[in-house]
Amino acid sequence: MATRRFMTLPRHILEGEKLHPEATGELSAILLQLGLAAKIISLEVNKAGLVDIIGFTGNENVHGEQVKKLDIYAHEMLIRAMDHGGHFCVMASEEDEDIIHLPPHQKIGKYVLLFDPLDGSSNIDANVSIGTIFSIYKRISEGYGPGTLEDCLQPGYKQVAAGYIVYGSSTILVYTAGHGVYGFTLDPAFGEFLLSHDDIKIPKCGRIYSINEGNYFSWPKGLKNYIKYLQANLFEGKPYQARYIGSMVADVHRTLLYGGIFMYPGDKRNAKGKLRLVYECNPMSFIIESAGGKATDGKIRILEKLPESLHERTPIFIGSEDDVLLVEKFLREAVG
Ligand code: AHG
Ligand code: MN
Ligand code: MN
């Protein structure tokens, strides 16, 4: 057990690479560089209460929401950290309306990087957990030139790796390359990510539901019925617990570890809900499925949805297998 504590992120990635003789080492280099970017953003997030970085820039992002400076910092830091390794042909960020091309002098690679630089940003001022989400694909466009929008609009099942970082009571990085889900906690003393959660499996059934209940009266009937069913019954003698942080990355992280379900449904006001398919739902779904869970929009598996535009939204129900199957059943059975 003692040796586990010293399994660093770089060592884990390199040892994982050795298990795949066909690997070129590129994906490892990408993950290591993302780990570095995570450390830099984590430092800045921890300083947020100390320096005059909090507050609105006065600009709105492409979704018409107010953007805080830390979002922009994280967005720019990720681009700076990731645009010079020669691994990517194109990138896209939740904070940029269009795809992001590599600087003209940089070598073009075969991977595509999509990210939500700072998730849960409305929580920054209250010291509540926020995070970064990333998603990696192989290019599908022909040739060796710059990548295209088409490269960024692939269905989620084609991801080669995905991960997130939660800046919470400690900073934790969780990633999967499709074989197992691993969590690393940042040791602030010597600045290294150490394996703290080996081969994470989500419980088959949980006892926590997570949803913004303020939207209750706009929900579809089946969802109202489902939540009332959870509230009105005991499960092995106990009721479900309600937990909602308001940062998807943190809510899904808890769901991964404890089980249960996180939901952001479509409702009367927003038929597709709020969360973005390519930046948030696909990477989190790839991780949850790799850990044995499920993710659906109510009818269709999230990872099979073909994105039509970069910033499109989707309803999402994600978490323990039994919980997701049950909410799907309630949604199917009720009309209206
Ligand atoms: P972001 O900060 O990247 O815009 O994402 C915020 C999202 C997500 O993290 C969270 O689950 C959701 O907003 C919360 O929305 P509500 O306030 O509508 O519950
Ligand atoms: Mn987000
Ligand atoms: Mn964001």
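Quick caveat: nothing in here was measured; it's all calculated off a predicted structure. Both ligands and their constituent atoms are indexed starting at 1 by order of listing.
Every atom of ligand 1 with a heavy atom of Asp116 under 4.0 Å away is listed here by number and element: 3 (O). For ligand 1, the atoms lying closer than 4.0 Å to a non-hydrogen atom of Met248 are 8 (C), 9 (O), 10 (C), 11 (O).
Within Glu280, OE2 is the N, O or S atom that lies nearest to the Mn ion (ligand 2). The closest approach of Asp116 to the Mn ion (ligand 3), by N/O/S atoms, is made by OD1. Asp119 has its closest N, O or S atom to the Mn ion (ligand 2) at the position named OD1. Taking the Mn ion (ligand 3) as reference, the nearest N/O/S atom within Glu94 carries the name OE1.
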From CA spacing to verdict: ring-ring contact (aromatic ring centres under 6.0 Å, His included), Tyr229, Phe235: CA-CA 11 Å; Tyr229 169 80; Phe235 301 84; 5.8 Å; yes
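Cation-pi geometry between Lys107 and Phe88 is not met: the NZ or CZ atom fails to fall both under 6.0 Å from the ring centre and inside 45° of the normal.
Closest heavy-atom approach to atom 1 (P) of ligand 1 among the candidates Gly120, Gly214, Pro117: Gly120.
Polar contact check, Leu118 against ligand 1: a nitrogen or oxygen pair lies under 3.5 Å apart. Checked by distance only, ligand 1 and Lys274 come closer than 3.5 Å through their nitrogen or oxygen atoms. Close N/O approach between Ser247 and ligand 1 is not found [any backbone or side-chain N/O within under 3.5 Å].
Contacts between Asn212 and ligand 1 below 4.0 angstrom, taking non-hydrogen atoms only, involve the side chain exclusively. Of all the heavy atoms of Arg276, the ones lying under 4.0 Å from any atom of ligand 1 belong exclusively to the side chain. When heavy-atom distances to ligand 1 are checked against a 4.0 Å cut-off, Asp251 has no atom that comes that close, whether in backbone or side chain.
Put simply, the residue from Glu328, Arg301, Lys305, Glu304 that forms a side chain to side chain donor-acceptor pair (under 3.5 Å) with Thr296 is Glu328.
Between Phe184 and His12, the ring center distance clears the sub-6.0 Å criterion.
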